[in-house]
Number of protein chains: 2
Amino acid sequence: MNLSRASELVPVLEQDIVTGVLKPGQKLDEAMLAKRFHVSRTPVREALGKLAASGLVEIRPRRGAIVATISLRELMNMFEMMANLEGICARYAARRITPEEKLELAAAQEACAALATSEQYDDYYDKNMLLHNLIYKTSHNDFLEKQTQDLRLRLSPYRRLQIRIPGRLKSSSDEHGKLVDAILKGDAKLAEKLTRDHVAIQGERFTDVLATLPSNYVQASA
Amino acid sequence: MNLSRASELVPVLEQDIVTGVLKPGQKLDEAMLAKRFHVSRTPVREALGKLAASGLVEIRPRRGAIVATISLRELMNMFEMMANLEGICARYAARRITPEEKLELAAAQEACAALATSEQYDDYYDKNMLLHNLIYKTSHNDFLEKQTQDLRLRLSPYRRLQIRIPGRLKSSSDEHGKLVDAILKGDAKLAEKLTRDHVAIQGERFTDVLATLPSNYVQASA
DNA sequence: AAATCTTTTATTGTATACAATTTGCTAAAT
DNA sequence: ATTTAGCAAATTGTATACAATAAAAGATTT
């Protein structure tokens with residue numbers, strides 16, 4: 001169906017950005033990207049335009065594209081939004097989960113827990129993402145699911161730093177346990193509250209994240 | 001700053017779509033648009049790509065762009081999301097509103113109420129939008145504000161039909177009154193609940209909206 | 001006459017060409 | 001030595017050219 005060159009570039013660049021291969025603030029030279037993908041500048045520009053619309057790339061008129069940087073204020077706003085979106089997903093998940101989904105969810109949670117006492121951060125990161133995606137899906141609202149995933153994607157360059165903080169894996173996994181229980185029991189209110197608290201960056205954790213944030217990841221002015 | 005041709009087209013086309021000048025399903029011929037705006041196809045394509053990323057336009061590979069159509073299921077999902085987003089805005093607004101904003105909010109509410117008993121639907125539509133936008137802004141979360149506005153924009157081709165239903169103006173305005181009171185009092189919980197109920201399309205209202213929906217506005221398959 | 005196949009036309013997607021602006025460099029001046 | 005001015009090179013934004021695909025029209029067959 002979608003065999004256009006431009007649309008093939010989007011997910012590749014997206015992946016490079018969210019995994020940190022291309023870092024916030026880094027210049028995205030059109031000619032360079034054209035060479036890398038063996039296409040002309042035209043599809044490259046189209047791809048960059050789409051990434052800009054999704055917020056991962058920033059296009060400064062006549063001055064080229066860079067991987068989007070975020071001000072501290074924006075970052076806080078986005079994390080706040082994320083906590084709310086995931087909370088909504090959990091609430092609907094608790095109300096709408098099917099018997100088959102209950103099995104999947106329990107399995108995903110156990111996969112996470114199994115890695116919680118290890119120090120395999122990348123593996124935990126992946127399993128953790130699967131669990132969260134599963135909850136989004138269980139909301140049975142495709143639009144909500146996509147919006148939540150999109151925001152998670154946009155935050156991932158910043159989120160990846162967070163998980164490495166000592167002791168975070170264990171406490172994260174413990175919170176998952178309670179959350180999944182709430183969803184399985186159909187307690188929507190509790191599921192929403194637990195999720196919001198789980199995702200929100202508050203108090204000490206916030207300063208921890210700030211401290212580990214490379215200075216070029218955020219804009220100078222707030 | 002932003003003097004590129006392509007970026008000038010985006011808001012114009014956007015406006016045409018949300019106001020219904022260009023209707024869902026309608027073909028967007030590149031050559032025609034190029035002629036209309038006195039530019040080549042290149043900036044037209046870039047503009048269409050961006051509108052596609054924001055969801056207002058649908059690009060079918062090798063078959064051109066159309067104004068996005070939405071399946072009934074998607075429409076329900078989007079209205080559900082909208083109710084939640086506005087609810088979050090109201091909750092934060094109640095917690096964060098400043099004294100100056102209290103005055104603005106009260107004024108905006110009264111402007112709405114003044115038109116509630118009239119049949120000036122378009123005027124009410126505008127004042128209503130101002131009030132809602134003000135609440136988004138009062139959330140003091142720019143990201144949440146923008147996401148909520150974007151979704152409202154996307155829904156506006158469908159929402160405009162809704163307000164014409166007899167008696168809707170008055171009941172909408174009454175709900176506003178209670179909502180604004182809750183925000184002014186700082187009752188975040190109540191503000192969120194009232195907003196969700198206000199925005200959500202439920203029960204009879206849902207079938208009313210369905211009945212007034214032109215069949216070509218929605219996709220055949222659900 | 002209806003349906004299917006072939007040919008023509010139109011439209012999309014990509015590459016290249018060119019104009020406009022910005023950036024980097026060199027040189028002069030304070 | 002640092003700053004400023006002017007020039008050169010590189011880069012962006014738009015237009016045009018061309019190739020690939022889809023839509024439309026016409027011809028042929030049943």
Side-chain angles (χ1 to χ4, degrees), chain A residues 1-17 21-69 216 219-221, chain B residues 1-17 21-69 216 219-221:
Chain A
M1 291 205 183
N2 206 340
L3 18 67
S4 80
R5 310 269 191 175
S7 49
E8 284 173 27
L9 305 194
V10 174
V12 178
L13 288 172
E14 193 173 84
Q15 195 64 12
D16 279 1
I17 293 172
V21 175
L22 296 169
K23 296 194 196 324
Q26 189 170 336
K27 185 102 203 286
L28 296 168
D29 187 75
E30 294 178 5
M32 192 193 78
L33 292 172
K35 202 172 166 188
R36 170 177 164 194
F37 293 110
H38 304 286
V39 293
S40 79
R41 278 175 52 224
T42 309
V44 170
R45 282 180 62 81
E46 292 201 4
L48 290 177
K50 285 175 190 179
L51 289 167
S54 84
L56 281 171
V57 160
E58 198 180 321
I59 292 178
R60 304 159 305 174
R62 285 267 171 218
R63 305 191 52 213
I66 59 171
V67 178
T69 57
N216 56 317
Q219 286 166 14
S221 75
Chain B
M1 288 209 185
N2 207 343
L3 16 67
S4 79
R5 310 270 193 180
S7 49
E8 284 171 29
L9 305 194
V10 174
V12 178
L13 288 172
E14 194 173 82
Q15 195 64 12
D16 278 2
I17 293 172
V21 175
L22 296 169
K23 298 195 194 325
Q26 190 171 335
K27 184 105 204 283
L28 297 168
D29 186 74
E30 294 178 6
M32 192 195 77
L33 291 172
K35 203 173 167 188
R36 169 177 164 195
F37 293 109
H38 305 286
V39 294
S40 77
R41 279 175 50 225
T42 310
V44 170
R45 282 181 62 81
E46 291 200 4
L48 290 176
K50 284 175 190 180
L51 289 168
S54 83
L56 281 171
V57 160
E58 198 181 321
I59 292 177
R60 303 159 306 172
R62 285 269 171 214
R63 306 195 49 213
I66 59 172
V67 178
T69 57
N216 57 318
Q219 286 166 16
S221 75

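Letters A, B, ... mirror the listed sequences (proteins, then strands); counts begin at 1.
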Which pairs count as side-chain hydrogen bond (donor to acceptor under 3.5 Å, both in side chains) when at least one residue sits in residues 46-56 of chain B, sequence neighbours excluded?
A:Arg45-B:Glu46
Does B:Lys27 place a side-chain N or O at less than 4.0 Å from the phosphate oxygens OP1/OP2 of C:dT12?
yes
Rounded to the nearest angstrom, tell me the gap between atom CZ in A:Arg60 and atom P in D:dT11.
13 Å
Below the 4.0 Å mark, does C:dT23 have OP1 or OP2 next to a side-chain nitrogen or oxygen of A:Arg63?
yes
Residue pair B:Pro24 / B:Ala68: nearest heavy atoms and the distance that separates them
CB-O, 3.6 Å
A:Ala6 near the nucleic acid: base, sugar-phosphate alone, or nothing, with a heavy-atom cut-off under 4.0 Å?
sugar-phosphate
Between P on D:dA10 and CG on A:Leu28, what's the gap in Å once rounded to a whole number?
20 Å
Got a sec? Which of residues 37-46 of chain B come in under 4.0 Å of DNA chain C, heavy atoms?
B:Arg41, B:Arg45
In terms of heavy-atom contacts, B:Val57 and B:Leu28 come closest through CG2-CD1, 3.7 Å
Note, B:Leu56 side chain near B:Val67 side chain (heavy atom, < 4.5 Å)
no
Looking at every non-hydrogen atom in both residues, tell me the closest pair between B:Thr69 and B:Gly25 and how far apart they are.
CG2-N, 3.3 Å
To the nearest 0.5 Å, what is the distance between NZ (B:Lys27) and CZ (B:Arg60)?
6.5 Å
Given atom CE of A:Met32 and atom P of D:dT12, what is their separation to the nearest angstrom?
10 Å
Is any side-chain N or O of A:Arg62 under 3.5 Å from a base N or O of C:dT22, one able to act as donor and the other as acceptor?
no
